[in-house]
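Notes for the one structure printed next.
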Protein chains: 2
Amino acid sequence: MPKPQATIYDIAALVGVNASTVSRALSRPGRVSAATQRRIEDAARELDYHVNTVARAVKTGRLQTIGLLVPDIAYAVYQDILRGAERAAREVDYVVLVGEEFRSAQAELDWARRVRAAVDGVILASPRIPDARIREFAGDKPTVVVNRVLNGVPSVVPDVAPGVRAAVVRAAELGHRRLLYIPGVGSSWMSRSRWDILEAAGAEAGIEAVSAPPGMPSRRRGAELADDVLASGCSLVIAFNDLIAIGLLQELQDRSVPVPERLSIVGFDNIRGSDFTSPRLATIGAPLNEAGGQAVRMLLARIEGSTDRGTAADDGGPGAPSYGLATVFHERGSLGPA
Amino acid sequence: MPKPQATIYDIAALVGVNASTVSRALSRPGRVSAATQRRIEDAARELDYHVNTVARAVKTGRLQTIGLLVPDIAYAVYQDILRGAERAAREVDYVVLVGEEFRSAQAELDWARRVRAAVDGVILASPRIPDARIREFAGDKPTVVVNRVLNGVPSVVPDVAPGVRAAVVRAAELGHRRLLYIPGVGSSWMSRSRWDILEAAGAEAGIEAVSAPPGMPSRRRGAELADDVLASGCSLVIAFNDLIAIGLLQELQDRSVPVPERLSIVGFDNIRGSDFTSPRLATIGAPLNEAGGQAVRMLLARIEGSTDRGTAADDGGPGAPSYGLATVFHERGSLGPA
DNA sequence: TTGTAAGCGTTATCAT
DNA sequence: ATGATAACGCTTACAA
């Protein structure tokens with residue numbers, strides 16, 4: 001039986017002032033005499049008063065809440081983003097509404113719309129929602145995208161190049177001359193982006209890069225590709241993500257194909273568990289909790305901006321800010337001499 | 001520049017009825033004539049109307065939001081709980097506020113208090129908050145605890161026995177006669193609980209169980225215990241969680257101590273990545289997303305109950321409902337003959 | 001069936 | 001410095 005919370009009227013009655021005075025004293029201290037301020041604070045403590053953020057939000061339009069949509073909380077990348085976002089939010093007394101694992105782009109959009117009225121802004125991490133819908137949504141509610149670039153909407157994306165370049169250079173040193181890329185799903189912006197950078201970095205370092213056909217980014221797929229990989233004549237495989245890489249690595253191990261002696265394997269994302277394998281999986285990852293925090297800060301700026309109308313620094317146009325995060329190559333046992 | 005959302009007044013104006021009629025039509029259809037119902041729905045669609053849940057909540061006291069506190073979203077157990085909870089919540093049009101990775105019990109309690117006014121109820125998953133504080137909080141706000149039993153507060157806990165018994169029986173079949181348990185932190189209710197069951201199941205199956213001293217449940221700790229484990233004269237180690245088990249397994253591997261030939265290892269929790277190791281880690285886990293969903297359903301019942309005052313089925317007393325979830329033993333390569 | 005009006009707890013704009 | 005009062009958008013008796 002939850003007991004009713006105390007309101008500013010209860011305090012007002014106890015202290016003998018008007019409710020509006022209580023509100024002033026409690027929201028932005030300094031607008032009220034030191035004496036009443038003290039008495040009000042004492043009364044608040046005595047009654048165990050806590051501001052009703054919902055009632056406040058009706059008036060102010062601010063619930064101090066942000067929405068965060070992630071495709072899959074079981075994948076380390078999104079755990080990091082959530083962690084970074086939640087931490088950054090808590091620092092400024094915001095809380096985070098999480099939506100996870102949606103069946104379709106439509107389900108994602110439904111969720112975003114469902115929470116729209118209950119949040120001050122939304123962070124969309126690698127959503128499947130089409131560009132146009134996101135832009136539309138961003139027009140209604142401050143929005144930041146993560147892991148995806150989208151003209152007109154501010155975004156936080158990893159800068160894939162540094163990590164890839166480091167990995168490729170190291171591979172060249174180890175004598176690799178031909179590498180095979182295993183992509184993710186064909187429509188993935190991120191998969192394409194990784195391939196482009198990989199090819200370019202390979203050319204620079206004197207490594208020829210070839211690509212397998214696109215497909216699901218799962219362990220199962222990695223395992224299924226084992227034959228093709230061995231027949232490819234490549235000494236190095238770089239997979240779109242760690243799951244594929246781990247699936248391949250385990251399959252080879254089950255067949256007693258030595259890694260990295262016969263084949264070197266490198267993944268992407270540095271997921272938790274990528275170093276549970278033996279040999280431990282070499283991988284290219286970005287500090288994604290940094291990304292989560294950065295996304296929150298960009299969103300907050302937008303939220304502030306949307307009040308001082310006209311003062312906002314950016315208009316969400318094509319030049320919308322984008323924050324790049326350098327990826328890092330984690331050299332581990334699954335990469336060895338060619 | 002977010003544009004203002006349409007309100008029921010906009011619809012009312014467009015259709016030419018009173019706002020209250022719109023409210024009736026949109027909240028619980030049937031209280032209004034079929035004709036106006038249609039016109040109102042059309043207008044709503046045209047104006048892209050979405051109910052302002054915040055404004056509604058001021059009146060009804062229901063935000064259709066629940067709070068979920070987890071210690072660590074990087075750990076698979078809590079991912080499962082979050083997933084199950086979010087899914088169950090979404091089914092009934094609720095959304096989930098997540099708090100994660102708190103520095104201290106105090107920080108956890110602060111978070112719970114912070115969200116109190118913005119949620120209809122709270123799920124606390126293995127919180128560090130002391131019993132008394134949880135009970136206090138549960139008096140103010142519908143609350144369900146997960147992974148912990150606490151007189152007076154409804155809870156969802158895994159039933160450790162079935163999984164442990166299955167593992168121990170199998171171990172006995174494989175010839176093991178002495179097993180070493182590596183506990184978690186001394187104050188952990190869950191660690192103690194696992195040990196108690198383990199000891200009992202061992203006695204039944206003719207396996208003597210001994211325990212190492214308590215400590216951090218980390219990979220590092222597992223690695224550090226390698227010497228003690230090898231010197232213990234046990235042929236089987238059961239660790240409080242998978243991280244410890246994986247740390248130990250990897251350390252042994254680095255030393256070329258064969259697993260499971262020289263030593264069998266079993267973990268707890270069946271975390272994602274527990275089968276990335278080689279050999280794959282045998283482990284005892286519970287269907288925790290089931291737990292998340294169940295917690296939501298119990299919470300919802302409580303939330304409903306707290307309105308029909310006096311009608312509530314349970315009083316939160318010592319007999320508060322508790323839902324047990326059977327654990328399962330996942331037999332994998334790290335368990336072999338003694 | 002529909003309209004009127006009060007009120008949810010807060011903040012903000014007036015006066016005083 | 002403080003009080004009275006009008007919103008905020010919605011729900012809900014109560015009237016009509």
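Proteins get letters first, then strands, A, B, ... in listed order; numbering begins at 1 in each.
Residue A:Thr7 has no polar side-chain atom (N or O) positioned under 4.0 Å from OP1 or OP2 of C:dG9. Taking only side-chain nitrogens and oxygens, A:Arg56 never comes nearer than 4.0 Å to OP1 or OP2 of C:dG9.
Across all strands, B:Ser23 comes closer than 4.0 Å to base atoms (heavy-atom distances). Among the atoms of the strands shown, none is found under 4.0 Å from any heavy atom of A:Thr53. Note on A:Val54: nothing from the nucleic acid sits closer than 4.0 angstrom, heavy atoms only. As judged by a 4.0 angstrom heavy-atom cut-off over every strand, A:Asn52 is placed among residues touching the sugar-phosphate backbone only.
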Identify the pairs formed between an N or O of the protein and an N or O of nucleotides 13-16 of chain C at a distance under 3.5 Å, and give each distance.
none

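Distance, A:Leu63 CG to C:dG9 C1': 13 Å, rounded to whole Å. Atom-to-atom, CD of A:Gln5 to P of C:dC8 comes out at 16 Å; the value is rounded to the nearest Å. Computed from coordinates, the A:Lys59 NZ to C:dC8 P distance equals 17 Å when rounded to whole Å. The CG-C1' distance, from A:Leu26 to C:dG9, rounds to 13 Å in whole Å. Between A:Tyr9 atom OH and C:dG7 atom P there is a gap of 11 Å when expressed in whole angstrom units. Computed from coordinates, the B:Asp120 CG to C:dC8 P distance equals 19 Å when rounded to whole Å. Rounding to whole angstrom units, CZ of residue A:Arg62 and C1' of C:dT10 are separated by 15 Å. Following rounding to the nearest Å, A:Asn18 (CG) and C:dG9 (P) show an atom-to-atom distance of 16 Å.
Once rounded to the nearest 0.5 Å, the distance linking OH of B:Tyr78 with CG of B:Asn147 reads 5.5 Å. How far CD1 of A:Ile303 is from CE of A:Met298: 12.0 Å, rounded to the nearest 0.5 Å. In this structure, CD in B:Gln294 is found 10.5 Å from CD1 in B:Ile123, a value given to the nearest 0.5 Å. The distance from the CG atom of B:Leu325 to the CG atom of B:Asn289 is 9.0 Å, given to the nearest 0.5 Å. The distance from atom CZ of B:Arg56 to atom OG of B:Ser23, rounded to the nearest 0.5 Å, is 8.5 Å.
A salt bridge links A:Arg148 to A:Asp131: at least one charged side-chain nitrogen sits closer than 4.0 Å to a carboxylate oxygen.
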Using atom types as modelled, flag every donor-acceptor pair under 3.5 Å from a side chain in residues 40-49 of chain B to any protein atom, sequence neighbours excluded.
from	atom 1	to	atom 2	distance (Å)
B:Glu41	OE2	B:Gln37	NE2	2.8
B:Asp42	OD2	B:Arg38	NH2	3.2
B:Asp48	OD1	B:His50	NE2	3.3

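Considering only heavy atoms from C-beta on, A:Leu69 comes within 4.5 Å of A:Glu108 through its side chain. Counting heavy atoms from C-beta on, the side chains of B:Val95 and A:Arg114 come closer than 4.5 Å.
Heavy-atom contacts of chain A under 4.0 Å fall on DNA chain D between two terminal nucleotides, which in 5' to 3' order are D:dA1 to D:dC8.
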